[in-house]
Trainee: 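A single structure is presented below for examination.
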2 protein chains.
Amino acid sequence: MTEKQDKILSSALELFANEGFNATSTNQIAKKAGVSEGLIFKHFKNKKGLLDALYVQVEGKLGAGFTQIIFETDPKKVLKITIESPFMIPHEDYDFWRLQFKLKWESDYYNPEKMQPLIDKLAWAFEELNYETPEMEAKLLEQMIETIMVAILRQGKESQLAYKDFLLKKYEL
Amino acid sequence: MTEKQDKILSSALELFANEGFNATSTNQIAKKAGVSEGLIFKHFKNKKGLLDALYVQVEGKLGAGFTQIIFETDPKKVLKITIESPFMIPHEDYDFWRLQFKLKWESDYYNPEKMQPLIDKLAWAFEELNYETPEMEAKLLEQMIETIMVAILRQGKESQLAYKDFLLKKYEL
DNA sequence: TATATTTGTAAGTGATTACTCACTTTTTAT
DNA sequence: ATAAAAAGTGAGTAATCACTTACAAATATA
């Protein structure tokens, strides 16, 4: 990945995440990246190719975020890390996640199974802690985490801090 | 509101909700509505005017959905109705709600205070039921309901039915 | 050093975009 | 019945769109 390729991708990410895919023109991306418009098509074939390249990156980040939780062996810690995870996202990754959630509404890219590894681990944790319906509890917590992430991306971490404490207390962590 | 104005709006709603605002052309809308393209601009000034008109309708539906909950005096019933509400949405209203959630990601239309009346009523209900932190419980339930609605809009009611029972049991309803 | 390949540009391309305008038809008010 | 207003049309507009192409500069390979 050359310097200019990287600049094109990061510019596209910023614009797609904040303005939307269709609302962003390749001309805008080229200007922001400081390259000629043609270069975008040399490297990424077409506009959708840009989105595809970004999507691979987003999926990578998602997987990386999971690993810590997946390899944790203490069920209480699994829940704790999960609840705290939305608050650990560095600010420079916000565009990544904004794009991820926006893509949820673009049918081509929506894939609910992406979260399955996390849900499975949470279900295991709830089972260890003798909850009655661990799968349901897992799905519920996963959905709540997702909702908190969305709220953080829109209103900032501070707006959701009380939630963290509330959830930690609710699950006796 | 004339018949053609109505046809234009309903066509725009369907297209905006499913294809997105920027991905929908005024030409498409006119064809779907069976009117000339010029008429759109006579009635709604510009493309954004269409979205504004739809937004008013969406806000109306939102308010209407609240009224039953707001006027309920039994706290347990307030929670029950709230939890059941996403499952009561008629299928023909799905486009409305899809647009509503899509607009959440457009800064111009995002207004988190819209849900406040519901949250206030839920907080009152939790207080009546002697929950420790009623405001927090209210926000949490509201967020869960929102998440369930999103899931229903994407995957259908059936996919979320188990949730309803789970939540009703959780709150002892 | 010569040559092939990759990286990059700038000026295009036709298609599509939101929107306008001159005009006709229909409805409303007197 | 008649005039004014509103509803509706359809061809046209400049601008913008994603994308191509011809060519130059830089880099890698021999």
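It should be emphasised that the depicted structure is a prediction, and the values quoted were computed from it without experimental measurement. All chains are named by letter (A, B, ...) in the order of the sequence lines, taking the proteins before the strands, and each is independently numbered beginning at 1.
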Trainee: Could you tell me the separation between the NZ atom of A:Lys7 and the P atom of C:dT7, rounded to a whole number of Å?
Mentor: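 That distance rounds to 19 Å.
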Trainee: Rounded to the Å, how far apart are A:Glu3 CD and C:dT6 C1'?
Mentor: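 For the pair A:Glu3 CD and C:dT6 C1', the rounded distance is 16 Å.
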Trainee: How about B:Met115 and B:Leu62: do any of their side-chain heavy atoms sit closer than 4.5 Å?
Mentor: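 Counting from C-beta outward, B:Met115 and B:Leu62 do come under 4.5 Å.
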Trainee: Would you kindly give the CG-to-C1' distance between A:Asp6 and C:dT7, to the nearest whole Å?
Mentor: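 In whole Å, C:dT7 C1' lies 16 Å from A:Asp6 CG.
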Trainee: Would you kindly give the CD1-to-C1' distance between B:Ile8 and D:dA7, to the nearest whole Å?
Mentor: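 One finds 10 Å between C1' of D:dA7 and CD1 of B:Ile8, rounded.
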Trainee: So if I apply the side chain to side chain contact (heavy atoms under 4.5 Å, CB included) rule between B:Trp97 and each of B:Val58, B:Ile152, B:Ile89, which one comes out positive?
Mentor: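 Answer to the side chain to side chain contact (heavy atoms under 4.5 Å, CB included) test with B:Trp97 among B:Val58, B:Ile152, B:Ile89: B:Ile89.
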Trainee: Counting C-beta onward and ignoring hydrogens, is there a side-chain heavy-atom pair between A:Phe126 and A:Leu79 closer than 4.5 Å?
Mentor: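 The answer is yes, as the side chains (C-beta and beyond) meet within the 4.5 Å cut-off.
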Trainee: Check whether any side-chain heavy atom of B:Gln160 sits under 4.5 Å from a side-chain heavy atom of A:Lys139, and report yes or no.
Mentor: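 Not touching, per the 4.5 Å side-chain cut-off.
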Trainee: Please produce a list of atom pairs where a protein N or O lies less than 3.5 Å from an N or O of nucleotides 16-20 of chain D.
Mentor:
residue : atom : partner : partner atom : Å
D:dA18  : OP1  : A:Thr24 : O            : 3.3
D:dA18  : OP1  : A:Lys47 : NZ           : 2.8
D:dA18  : OP2  : A:Thr26 : N            : 2.8
D:dA18  : OP2  : A:Thr26 : OG1          : 3.0
D:dC19  : OP2  : A:Lys47 : N            : 2.7

Trainee: Measure CD1/B:Ile40 against P/C:dC21 and give the value in whole Å, please.
Mentor: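 Going from B:Ile40 (CD1) to C:dC21 (P), I get 17 Å.
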Trainee: Would you indicate what A:Lys42 reaches in the nucleic acid, counting non-hydrogen atoms under 4.0 angstrom: base, sugar-phosphate, or nothing?
Mentor: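 Answer is base: heavy atoms of A:Lys42 come under 4.0 Å of a base.
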Trainee: Is A:His43 near enough to C:dG8 that one of its side-chain N or O atoms lies under 4.0 angstrom from OP1 or OP2?
Mentor: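 It does, given that an N or O in the side chain of A:His43 lies less than 4.0 Å from OP1 or OP2 of C:dG8.
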Trainee: Given atom CG of A:Leu39 and atom P of C:dT9, what is their separation to the nearest angstrom?
Mentor: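 Rounded to whole Å, this separation is 6 Å.
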Trainee: Can the positive tip of B:Lys164 be found less than 6.0 Å from the middle of the six-membered ring of B:Phe87, inside 45° of the ring normal?
Mentor: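 Yes, a cation-pi geometry holds between B:Lys164 and B:Phe87.
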Trainee: Rounded to the nearest angstrom, tell me the gap between atom NZ in B:Lys31 and atom C1' in D:dT9.
Mentor: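 Checked: the NZ to C1' distance equals 15 Å.
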Trainee: Quick one: which of B:Arg98, B:Gln100, B:Lys61 gives a side-chain hydrogen bond (donor to acceptor under 3.5 Å, both in side chains) with B:Asp93?
Mentor: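 With B:Asp93 as partner, side-chain hydrogen bond (donor to acceptor under 3.5 Å, both in side chains) holds for just one option, B:Lys61.
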Trainee: Whole-Å distance between C:dT9 P and A:Gln5 CD?
Mentor: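 One finds 12 Å between P of C:dT9 and CD of A:Gln5, rounded.
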